[in-house]
Amino acid sequence: MRNLIRTELFKIFRQRKTYYAIAAVFVLEAFIMVSAYFQGREFLDVFLENLRESFEFQGNLLNGNLIIYLVLNSFWFHIPLILMIVVSGFLTTEYKDRTVEAVLLQPVSKRNYIISKYIAALVFTAFILGILIISTFLLSYLFFGQGDLVVFLEGLSFYSATEAFNRLMIAFLVGSLTMFFYAVVSITLAVLFQEATVTWIVAALFLIGTTLLLRLEFDSEWVNSLFFPKLTDSWQYVFFSEIPYRTILNKSLVLIGYTGLIAWIGIRVFQKRDIT
Amino acid sequence: MKSTLLFILTLLSPSLLSSQEIDPILVSVKERADSIISFQASVQMEVDISFVNMPVKEAEIWFTKGAPISISSEDFVMIPKRGLDFTLNELYRYPFMTLSLGRVQLEGRDCHLVKIIPTTDASDYSIASVWIAPETLQVLKTQISTKKNGVYDIFYSYSGAQEILPAVIKVAFEVSGVKIPLRFLGRDTQIDKGKKADSAQERGAIYLRIAYSGLTRK
(Lines give C-alpha, C1' and ligand atoms only; values in the text may rest on other atoms or scores of the structure.)
Protein backbone atom coordinates (compact mmCIF):
# COMPACT_ATOMS: atom_id res chain seq x y z
CA MET A 1 0.00 0.00 0.00
CA ARG A 2 2.79 2.36 0.97
CA ASN A 3 4.53 1.68 -2.33
CA LEU A 4 1.32 2.37 -4.22
CA ILE A 5 0.91 5.71 -2.49
CA ARG A 6 4.55 6.55 -3.16
CA THR A 7 4.07 5.66 -6.82
CA GLU A 8 0.94 7.78 -7.05
CA LEU A 9 2.71 10.75 -5.49
CA PHE A 10 5.67 10.24 -7.83
CA LYS A 11 3.28 10.29 -10.79
CA ILE A 12 1.52 13.41 -9.48
CA PHE A 13 4.72 15.36 -9.11
CA ARG A 14 5.94 14.26 -12.55
CA GLN A 15 2.79 15.56 -14.21
CA ARG A 16 2.75 18.99 -15.77
CA LYS A 17 -0.76 19.74 -14.51
CA THR A 18 0.48 19.61 -10.92
CA TYR A 19 2.65 22.62 -11.66
CA TYR A 20 -0.22 24.29 -13.50
CA ALA A 21 -2.20 23.96 -10.27
CA ILE A 22 0.62 25.57 -8.29
CA ALA A 23 0.88 28.30 -10.91
CA ALA A 24 -2.90 28.81 -10.74
CA VAL A 25 -2.66 29.32 -6.99
CA PHE A 26 0.01 32.00 -7.46
CA VAL A 27 -1.94 33.66 -10.28
CA LEU A 28 -5.02 33.74 -8.06
CA GLU A 29 -3.04 35.28 -5.21
CA ALA A 30 -1.43 37.83 -7.52
CA PHE A 31 -4.82 38.73 -8.98
CA ILE A 32 -6.33 39.27 -5.53
CA MET A 33 -3.36 41.34 -4.39
CA VAL A 34 -3.30 43.52 -7.52
CA SER A 35 -7.10 44.05 -7.34
CA ALA A 36 -6.87 44.88 -3.66
CA TYR A 37 -4.03 47.31 -4.33
CA PHE A 38 -6.01 49.21 -6.95
CA GLN A 39 -9.58 48.76 -5.67
CA GLY A 40 -9.23 47.88 -2.01
CA ARG A 41 -9.51 51.43 -0.70
CA GLU A 42 -12.62 52.05 -2.77
CA PHE A 43 -14.28 48.96 -1.28
CA LEU A 44 -13.25 49.96 2.21
CA ASP A 45 -14.60 53.47 1.64
CA VAL A 46 -17.98 52.04 0.65
CA PHE A 47 -17.80 49.77 3.66
CA LEU A 48 -17.12 52.52 6.14
CA GLU A 49 -19.04 55.32 4.45
CA ASN A 50 -21.79 55.55 7.05
CA LEU A 51 -19.36 55.46 9.95
CA ARG A 52 -17.30 58.19 8.31
CA GLU A 53 -20.12 60.65 9.09
CA SER A 54 -19.47 60.25 12.80
CA PHE A 55 -15.83 59.14 12.90
CA GLU A 56 -12.44 59.87 11.50
CA PHE A 57 -10.31 56.81 10.95
CA GLN A 58 -6.69 56.43 11.83
CA GLY A 59 -4.73 53.40 10.72
CA ASN A 60 -4.59 51.24 7.63
CA LEU A 61 -7.24 48.60 7.01
CA LEU A 62 -5.88 47.70 3.59
CA ASN A 63 -3.18 45.51 5.10
CA GLY A 64 -1.82 41.99 4.90
CA ASN A 65 -4.55 40.50 7.09
CA LEU A 66 -7.29 41.81 4.80
CA ILE A 67 -5.45 40.41 1.77
CA ILE A 68 -5.13 37.01 3.49
CA TYR A 69 -8.84 37.14 4.27
CA LEU A 70 -9.59 37.85 0.61
CA VAL A 71 -7.43 34.92 -0.46
CA LEU A 72 -9.19 32.78 2.13
CA ASN A 73 -12.48 33.69 0.47
CA SER A 74 -11.25 31.89 -2.65
CA PHE A 75 -12.20 28.78 -0.63
CA TRP A 76 -15.76 29.50 -1.76
CA PHE A 77 -15.10 28.62 -5.39
CA HIS A 78 -11.71 29.21 -6.99
CA ILE A 79 -9.49 26.90 -4.96
CA PRO A 80 -12.05 24.03 -4.96
CA LEU A 81 -12.41 24.44 -8.73
CA ILE A 82 -8.64 24.25 -9.31
CA LEU A 83 -8.40 21.24 -6.98
CA MET A 84 -11.34 19.39 -8.53
CA ILE A 85 -10.07 19.83 -12.07
CA VAL A 86 -6.52 18.75 -11.24
CA VAL A 87 -7.37 15.97 -8.79
CA SER A 88 -9.99 14.34 -10.99
CA GLY A 89 -7.33 14.28 -13.71
CA PHE A 90 -5.25 11.91 -11.57
CA LEU A 91 -7.69 9.14 -12.47
CA THR A 92 -9.31 10.28 -15.72
CA THR A 93 -5.88 10.55 -17.36
CA GLU A 94 -5.17 6.96 -16.38
CA TYR A 95 -8.48 5.83 -17.82
CA LYS A 96 -7.68 7.71 -21.03
CA ASP A 97 -4.10 6.37 -21.27
CA ARG A 98 -5.30 2.92 -20.18
CA THR A 99 -2.65 2.81 -17.47
CA VAL A 100 -5.37 1.66 -15.06
CA GLU A 101 -5.47 -1.63 -16.91
CA ALA A 102 -1.68 -1.84 -17.02
CA VAL A 103 -1.42 -1.24 -13.27
CA LEU A 104 -4.15 -3.72 -12.41
CA LEU A 105 -2.47 -6.40 -14.52
CA GLN A 106 0.25 -6.26 -11.88
CA PRO A 107 -0.33 -7.94 -8.50
CA VAL A 108 -2.16 -4.89 -7.20
CA SER A 109 -5.64 -5.07 -5.69
CA LYS A 110 -8.27 -2.73 -7.09
CA ARG A 111 -9.16 -1.67 -3.58
CA ASN A 112 -5.61 -0.71 -2.65
CA TYR A 113 -5.09 1.02 -5.97
CA ILE A 114 -8.14 3.29 -5.62
CA ILE A 115 -7.46 3.93 -1.93
CA SER A 116 -3.94 5.03 -2.85
CA LYS A 117 -5.52 7.44 -5.37
CA TYR A 118 -7.66 8.96 -2.64
CA ILE A 119 -4.72 9.24 -0.25
CA ALA A 120 -2.52 10.77 -2.95
CA ALA A 121 -5.31 13.25 -3.73
CA LEU A 122 -5.46 14.23 -0.04
CA VAL A 123 -1.66 14.61 0.13
CA PHE A 124 -1.69 16.71 -3.05
CA THR A 125 -4.49 18.89 -1.63
CA ALA A 126 -2.54 19.37 1.59
CA PHE A 127 0.54 20.27 -0.48
CA ILE A 128 -1.35 22.87 -2.53
CA LEU A 129 -2.98 24.29 0.59
CA GLY A 130 0.42 24.43 2.30
CA ILE A 131 1.84 26.41 -0.61
CA LEU A 132 -1.24 28.66 -0.64
CA ILE A 133 -1.14 29.35 3.09
CA ILE A 134 2.61 29.96 3.35
CA SER A 135 2.83 32.11 0.23
CA THR A 136 -0.30 34.09 1.11
CA PHE A 137 0.92 34.98 4.58
CA LEU A 138 4.46 35.78 3.40
CA LEU A 139 3.50 37.85 0.36
CA SER A 140 0.61 39.64 2.05
CA TYR A 141 2.64 40.74 5.04
CA LEU A 142 5.60 41.56 2.79
CA PHE A 143 3.66 43.83 0.41
CA PHE A 144 0.82 45.11 2.60
CA GLY A 145 2.18 44.94 6.15
CA GLN A 146 0.40 44.13 9.41
CA GLY A 147 -2.75 45.72 10.73
CA ASP A 148 -6.27 45.25 12.03
CA LEU A 149 -8.65 43.06 10.07
CA VAL A 150 -12.18 44.18 9.23
CA VAL A 151 -14.77 41.65 8.07
CA PHE A 152 -18.46 41.95 7.34
CA LEU A 153 -20.40 39.16 9.00
CA GLU A 154 -23.67 40.26 10.54
CA GLY A 155 -22.09 43.67 10.96
CA LEU A 156 -18.57 45.01 10.92
CA SER A 157 -16.06 43.12 13.04
CA PHE A 158 -12.61 44.47 13.70
CA TYR A 159 -9.80 42.27 14.98
CA SER A 160 -6.36 43.30 16.18
CA ALA A 161 -3.41 42.10 14.10
CA THR A 162 -2.56 39.25 16.49
CA GLU A 163 -6.17 38.14 16.83
CA ALA A 164 -6.58 38.36 13.05
CA PHE A 165 -3.52 36.16 12.47
CA ASN A 166 -4.83 33.51 14.86
CA ARG A 167 -8.33 33.54 13.36
CA LEU A 168 -6.99 33.40 9.81
CA MET A 169 -4.81 30.40 10.67
CA ILE A 170 -7.74 28.57 12.29
CA ALA A 171 -9.96 29.46 9.32
CA PHE A 172 -7.42 28.04 6.86
CA LEU A 173 -7.18 24.83 8.88
CA VAL A 174 -10.98 24.46 9.17
CA GLY A 175 -11.41 25.40 5.49
CA SER A 176 -8.87 22.76 4.52
CA LEU A 177 -11.41 20.11 5.54
CA THR A 178 -13.77 21.47 2.90
CA MET A 179 -10.99 21.34 0.32
CA PHE A 180 -10.27 17.70 1.26
CA PHE A 181 -13.98 17.01 0.81
CA TYR A 182 -13.94 18.46 -2.71
CA ALA A 183 -10.76 16.53 -3.57
CA VAL A 184 -12.38 13.26 -2.51
CA VAL A 185 -15.56 14.14 -4.40
CA SER A 186 -13.55 14.76 -7.58
CA ILE A 187 -11.86 11.32 -7.39
CA THR A 188 -15.26 9.70 -6.86
CA LEU A 189 -16.65 11.63 -9.83
CA ALA A 190 -13.68 10.41 -11.88
CA VAL A 191 -14.50 6.84 -10.84
CA LEU A 192 -18.13 7.36 -11.86
CA PHE A 193 -17.62 9.20 -15.14
CA GLN A 194 -14.10 8.16 -16.19
CA GLU A 195 -13.96 10.62 -19.10
CA ALA A 196 -12.02 13.80 -18.23
CA THR A 197 -14.25 16.45 -19.80
CA VAL A 198 -17.46 14.96 -18.42
CA THR A 199 -15.87 14.67 -14.97
CA TRP A 200 -14.73 18.31 -15.07
CA ILE A 201 -18.20 19.50 -16.08
CA VAL A 202 -19.90 17.43 -13.39
CA ALA A 203 -17.32 18.58 -10.83
CA ALA A 204 -17.93 22.23 -11.74
CA LEU A 205 -21.69 21.70 -11.56
CA PHE A 206 -21.30 19.99 -8.20
CA LEU A 207 -19.31 22.95 -6.93
CA ILE A 208 -21.80 25.50 -8.28
CA GLY A 209 -24.71 23.50 -6.88
CA THR A 210 -23.08 23.24 -3.47
CA THR A 211 -22.41 26.98 -3.39
CA LEU A 212 -26.02 27.76 -4.32
CA LEU A 213 -27.52 25.22 -1.94
CA LEU A 214 -25.44 26.68 0.88
CA ARG A 215 -27.83 29.64 0.90
CA LEU A 216 -30.89 27.46 1.48
CA GLU A 217 -32.29 27.77 4.98
CA PHE A 218 -34.36 24.89 6.29
CA ASP A 219 -36.75 25.18 9.18
CA SER A 220 -35.24 22.13 10.77
CA GLU A 221 -31.96 22.70 12.59
CA TRP A 222 -31.30 18.98 12.21
CA VAL A 223 -31.49 19.22 8.40
CA ASN A 224 -29.36 22.36 8.41
CA SER A 225 -26.68 20.58 10.39
CA LEU A 226 -26.63 17.49 8.16
CA PHE A 227 -27.20 18.89 4.66
CA PHE A 228 -23.70 18.71 3.19
CA PRO A 229 -23.62 22.02 1.24
CA LYS A 230 -24.23 23.79 4.55
CA LEU A 231 -21.16 22.14 6.05
CA THR A 232 -18.70 23.72 3.64
CA ASP A 233 -18.68 27.16 5.25
CA SER A 234 -17.39 26.32 8.74
CA TRP A 235 -14.29 28.44 8.21
CA GLN A 236 -16.48 31.57 7.99
CA TYR A 237 -17.69 30.98 11.55
CA VAL A 238 -14.17 31.69 12.78
CA PHE A 239 -14.87 35.37 12.05
CA PHE A 240 -17.90 35.70 14.30
CA SER A 241 -17.02 37.82 17.31
CA GLU A 242 -17.54 34.81 19.60
CA ILE A 243 -16.18 31.80 17.74
CA PRO A 244 -18.81 29.03 17.89
CA TYR A 245 -16.29 26.22 18.36
CA ARG A 246 -19.01 23.68 19.07
CA THR A 247 -20.79 24.42 15.77
CA ILE A 248 -17.51 24.34 13.86
CA LEU A 249 -16.57 21.02 15.45
CA ASN A 250 -19.98 19.48 14.72
CA LYS A 251 -19.99 20.68 11.13
CA SER A 252 -16.41 19.52 10.61
CA LEU A 253 -17.13 16.05 12.02
CA VAL A 254 -20.19 15.61 9.81
CA LEU A 255 -18.19 16.85 6.79
CA ILE A 256 -15.45 14.33 7.58
CA GLY A 257 -18.21 11.72 7.71
CA TYR A 258 -19.46 12.78 4.26
CA THR A 259 -15.89 12.74 2.94
CA GLY A 260 -15.47 9.17 4.17
CA LEU A 261 -18.85 8.15 2.75
CA ILE A 262 -18.12 9.60 -0.69
CA ALA A 263 -14.70 7.91 -0.74
CA TRP A 264 -16.35 4.62 0.28
CA ILE A 265 -18.87 4.95 -2.59
CA GLY A 266 -16.01 5.59 -5.03
CA ILE A 267 -14.04 2.61 -3.70
CA ARG A 268 -17.07 0.30 -3.91
CA VAL A 269 -17.96 1.40 -7.45
CA PHE A 270 -14.35 1.04 -8.60
CA GLN A 271 -14.08 -2.43 -7.05
CA LYS A 272 -17.33 -3.64 -8.58
CA ARG A 273 -16.76 -2.22 -12.03
CA ASP A 274 -14.81 -4.10 -14.66
CA ILE A 275 -11.82 -2.31 -16.04
CA THR A 276 -12.14 -2.43 -19.80
CA MET B 1 -34.08 77.85 9.14
CA LYS B 2 -31.56 79.54 11.41
CA SER B 3 -33.33 82.90 11.25
CA THR B 4 -36.62 81.18 12.21
CA LEU B 5 -34.90 79.54 15.15
CA LEU B 6 -33.42 82.83 16.28
CA PHE B 7 -36.82 84.50 15.95
CA ILE B 8 -38.49 81.85 18.10
CA LEU B 9 -35.74 82.01 20.68
CA THR B 10 -36.05 85.76 20.76
CA LEU B 11 -39.80 85.56 21.39
CA LEU B 12 -39.34 82.97 24.09
CA SER B 13 -36.52 84.78 25.77
CA PRO B 14 -37.52 86.93 28.77
CA SER B 15 -35.09 89.60 27.77
CA LEU B 16 -33.60 90.27 24.35
CA LEU B 17 -30.63 91.94 25.93
CA SER B 18 -29.73 89.09 28.27
CA SER B 19 -30.00 86.53 25.43
CA GLN B 20 -27.31 88.28 23.44
CA GLU B 21 -24.77 88.53 26.22
CA ILE B 22 -22.42 85.67 26.87
CA ASP B 23 -23.64 83.64 29.80
CA PRO B 24 -21.38 84.44 32.78
CA ILE B 25 -21.17 80.84 33.96
CA LEU B 26 -20.12 79.77 30.48
CA VAL B 27 -17.54 82.56 30.52
CA SER B 28 -16.17 81.14 33.79
CA VAL B 29 -16.05 77.64 32.30
CA LYS B 30 -14.26 78.98 29.24
CA GLU B 31 -11.72 80.91 31.34
CA ARG B 32 -11.07 77.80 33.38
CA ALA B 33 -10.56 75.73 30.24
CA ASP B 34 -8.40 78.45 28.71
CA SER B 35 -6.00 78.07 31.62
CA ILE B 36 -4.92 74.70 30.19
CA ILE B 37 -1.73 75.14 28.17
CA SER B 38 -1.06 71.53 27.29
CA PHE B 39 -1.62 67.96 28.33
CA GLN B 40 -0.93 64.44 27.25
CA ALA B 41 -3.27 61.51 27.84
CA SER B 42 -3.80 57.83 27.20
CA VAL B 43 -7.28 57.11 25.92
CA GLN B 44 -9.18 53.84 25.84
CA MET B 45 -11.90 53.88 23.21
CA GLU B 46 -14.85 51.52 23.40
CA VAL B 47 -17.29 51.56 20.51
CA ASP B 48 -20.93 50.74 21.21
CA ILE B 49 -22.70 50.48 17.85
CA SER B 50 -25.04 47.56 17.21
CA PHE B 51 -23.44 46.56 13.91
CA VAL B 52 -19.83 47.18 14.90
CA ASN B 53 -17.78 44.73 16.91
CA MET B 54 -14.50 46.32 17.84
CA PRO B 55 -12.16 45.58 20.73
CA VAL B 56 -11.24 48.37 23.11
CA LYS B 57 -8.60 50.49 21.41
CA GLU B 58 -5.87 52.58 22.96
CA ALA B 59 -4.46 55.84 21.73
CA GLU B 60 -2.25 58.65 22.93
CA ILE B 61 -3.42 62.21 22.61
CA TRP B 62 -1.57 65.49 22.89
CA PHE B 63 -3.09 68.90 23.34
CA THR B 64 -1.35 72.21 23.07
CA LYS B 65 -3.33 75.39 23.35
CA GLY B 66 -4.10 76.91 19.95
CA ALA B 67 -3.35 73.74 18.03
CA PRO B 68 -5.66 70.91 17.02
CA ILE B 69 -5.50 67.86 19.26
CA SER B 70 -3.22 65.15 17.90
CA ILE B 71 -3.92 61.44 18.24
CA SER B 72 -1.65 58.51 17.71
CA SER B 73 -2.28 54.78 17.90
CA GLU B 74 -0.59 51.62 16.71
CA ASP B 75 -4.00 50.12 15.89
CA PHE B 76 -6.81 51.14 13.63
CA VAL B 77 -8.94 53.53 15.64
CA MET B 78 -12.25 55.27 15.04
CA ILE B 79 -12.05 58.78 16.41
CA PRO B 80 -15.38 60.50 17.02
CA LYS B 81 -15.74 63.77 15.16
CA ARG B 82 -17.06 65.35 18.35
CA GLY B 83 -16.13 64.66 21.94
CA LEU B 84 -12.37 65.09 21.88
CA ASP B 85 -12.72 68.85 22.18
CA PHE B 86 -12.13 68.74 25.94
CA THR B 87 -11.91 72.51 26.28
CA LEU B 88 -14.99 73.17 24.07
CA ASN B 89 -12.88 75.45 21.90
CA GLU B 90 -14.67 74.23 18.79
CA LEU B 91 -17.88 75.74 20.11
CA TYR B 92 -16.24 79.11 20.68
CA ARG B 93 -14.39 79.14 17.37
CA TYR B 94 -16.84 81.43 15.58
CA PRO B 95 -18.88 84.35 16.94
CA PHE B 96 -21.83 83.18 18.95
CA MET B 97 -24.57 84.29 21.26
CA THR B 98 -25.82 82.44 24.29
CA LEU B 99 -29.18 81.88 25.84
CA SER B 100 -29.28 81.00 29.48
CA LEU B 101 -32.06 78.58 30.42
CA GLY B 102 -31.24 78.66 34.11
CA ARG B 103 -31.32 75.72 36.52
CA VAL B 104 -32.33 72.33 35.20
CA GLN B 105 -31.92 68.77 36.42
CA LEU B 106 -29.56 66.39 34.67
CA GLU B 107 -29.64 62.85 36.00
CA GLY B 108 -30.69 64.13 39.41
CA ARG B 109 -28.05 66.86 39.50
CA ASP B 110 -28.68 70.59 39.55
CA CYS B 111 -27.21 72.15 36.42
CA HIS B 112 -27.04 75.42 34.63
CA LEU B 113 -28.15 75.06 31.03
CA VAL B 114 -26.82 77.36 28.32
CA LYS B 115 -27.60 77.33 24.62
CA ILE B 116 -24.83 78.46 22.30
CA ILE B 117 -25.99 79.79 18.97
CA PRO B 118 -23.40 80.66 16.32
CA THR B 119 -24.00 83.99 14.65
CA THR B 120 -22.16 83.13 11.47
CA ASP B 121 -22.75 80.55 8.74
CA ALA B 122 -19.12 79.48 8.95
CA SER B 123 -19.84 77.39 12.03
CA ASP B 124 -20.36 73.66 11.46
CA TYR B 125 -23.07 73.42 14.13
CA SER B 126 -26.39 75.17 14.34
CA ILE B 127 -26.94 75.09 18.10
CA ALA B 128 -25.26 73.57 21.14
CA SER B 129 -26.58 73.06 24.64
CA VAL B 130 -24.18 72.93 27.55
CA TRP B 131 -25.08 71.58 30.99
CA ILE B 132 -22.74 72.98 33.63
CA ALA B 133 -22.37 72.08 37.30
CA PRO B 134 -22.44 75.62 38.75
CA GLU B 135 -20.48 74.86 41.92
CA THR B 136 -17.57 73.09 40.24
CA LEU B 137 -17.84 74.73 36.81
CA GLN B 138 -17.54 71.31 35.24
CA VAL B 139 -19.29 70.64 31.95
CA LEU B 140 -21.52 67.59 32.46
CA LYS B 141 -23.09 67.33 29.06
CA THR B 142 -23.13 69.00 25.70
CA GLN B 143 -25.61 68.45 22.92
CA ILE B 144 -24.36 69.66 19.56
CA SER B 145 -26.63 69.81 16.54
CA THR B 146 -24.24 69.76 13.62
CA LYS B 147 -25.16 70.90 10.15
CA LYS B 148 -23.97 67.73 8.42
CA ASN B 149 -23.53 64.92 10.91
CA GLY B 150 -26.63 64.95 13.09
CA VAL B 151 -26.89 65.49 16.82
CA TYR B 152 -24.12 64.54 19.25
CA ASP B 153 -24.85 64.05 22.94
CA ILE B 154 -21.63 64.15 24.90
CA PHE B 155 -21.57 63.20 28.59
CA TYR B 156 -18.59 64.02 30.81
CA SER B 157 -17.59 62.35 34.09
CA TYR B 158 -14.79 63.58 36.31
CA SER B 159 -12.57 61.82 38.79
CA GLY B 160 -12.94 64.66 41.30
CA ALA B 161 -14.83 67.89 41.90
CA GLN B 162 -11.76 70.00 41.21
CA GLU B 163 -10.83 68.36 37.91
CA ILE B 164 -11.09 70.50 34.80
CA LEU B 165 -10.71 67.64 32.35
CA PRO B 166 -13.08 64.68 32.24
CA ALA B 167 -11.97 61.13 33.03
CA VAL B 168 -14.75 59.48 31.02
CA ILE B 169 -16.57 60.84 28.00
CA LYS B 170 -19.53 59.20 26.34
CA VAL B 171 -20.23 60.43 22.84
CA ALA B 172 -23.65 59.40 21.53
CA PHE B 173 -24.53 60.02 17.89
CA GLU B 174 -26.76 58.98 15.04
CA VAL B 175 -25.40 56.44 12.61
CA SER B 176 -26.81 54.63 9.61
CA GLY B 177 -26.72 50.86 9.65
CA VAL B 178 -24.20 49.33 7.30
CA LYS B 179 -25.69 46.98 4.71
CA ILE B 180 -22.94 46.36 2.34
CA PRO B 181 -23.03 43.01 1.50
CA LEU B 182 -19.72 42.39 -0.29
CA ARG B 183 -19.52 38.89 -1.63
CA PHE B 184 -15.80 38.69 -1.40
CA LEU B 185 -15.62 40.18 2.03
CA GLY B 186 -18.20 38.04 3.68
CA ARG B 187 -20.95 35.50 3.50
CA ASP B 188 -24.33 35.91 1.81
CA THR B 189 -23.42 39.25 0.37
CA GLN B 190 -23.57 41.49 -2.69
CA ILE B 191 -22.93 45.19 -3.11
CA ASP B 192 -26.14 47.11 -2.74
CA LYS B 193 -25.53 50.80 -2.35
CA GLY B 194 -29.25 51.55 -2.74
CA LYS B 195 -30.16 49.53 0.31
CA LYS B 196 -27.38 51.10 2.26
CA ALA B 197 -28.62 54.59 1.51
CA ASP B 198 -32.08 53.66 2.78
CA SER B 199 -30.84 52.02 5.94
CA ALA B 200 -32.40 53.37 9.13
CA GLN B 201 -30.61 55.68 11.54
CA GLU B 202 -29.77 54.36 14.95
CA ARG B 203 -27.98 55.65 18.01
CA GLY B 204 -24.43 54.63 18.65
CA ALA B 205 -21.92 55.64 21.27
CA ILE B 206 -18.23 55.64 21.97
CA TYR B 207 -16.79 55.69 25.47
CA LEU B 208 -13.47 57.38 26.06
CA ARG B 209 -11.60 56.60 29.28
CA ILE B 210 -8.81 59.07 29.72
CA ALA B 211 -5.70 59.01 31.92
CA TYR B 212 -3.88 62.34 31.85
CA SER B 213 -0.21 63.05 32.26
CA GLY B 214 1.75 66.27 32.01
CA LEU B 215 -1.12 68.71 32.43
CA THR B 216 0.23 72.26 32.44
CA ARG B 217 -1.85 75.28 33.33
CA LYS B 218 -1.31 79.00 33.54
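First the proteins, then the strands, lettered A, B, ... as listed; each starts at 1.
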More than 12 heavy atoms from other groups under 6.0 Å of CZ on B:R109:
no
With side chains defined as the heavy atoms from C-beta onward, is the minimum distance between B:N53 and A:Y159 less than 4.5 Å?
yes
Count the heavy atoms of every other residue, nucleotide or ligand shown that sit under 6.0 Å from CZ of A:F38, and state whether that count exceeds 12.
no
Does atom OH of A:Y37 have more than 12 heavy-atom neighbours, drawn from other residues, nucleotides or ligands, at distances under 6.0 Å?
no
So, the part of B:I71 with a heavy atom under 4.5 Å from chain A: the answer is both
What verdict does the side-chain contact (heavy atoms from CB on, under 4.5 Å) test give for A:F55 and B:V171, after you've listed the backbone C-alpha separation in whole Å, the side-chain angles of each residue and the deciding distance to 0.1 Å?
CA-CA 11 Å; A:F55 291 97; B:V171 185; over 6 Å; no
Within 6.0 Å of CD in A:E242, more than 12 heavy atoms from elsewhere:
no
Contact class of B:K148 relative to chain A, heavy atoms under 4.5 angstrom
neither
Using 30° and 60° as the class boundaries, would you call the ring planes of B:F76 and A:F158 parallel, tilted or perpendicular?
parallel
Does a sphere of radius 6.0 Å around CD in B:E163 hold more than 12 heavy atoms from other residues, nucleotides or ligands, not counting ones at 6.0 Å or beyond?
yes
A:F31 atom CZ: more than 12 heavy-atom contacts under 6.0 Å:
no
Measure B:E174 against the heavy atoms of chain A and call it side chain, backbone, both or neither at under 4.5 Å.
backbone
Would you compute the distance between atom CG of A:D148 and atom CE of B:M54 and round it to the nearest 0.5 angstrom?
6.5 Å
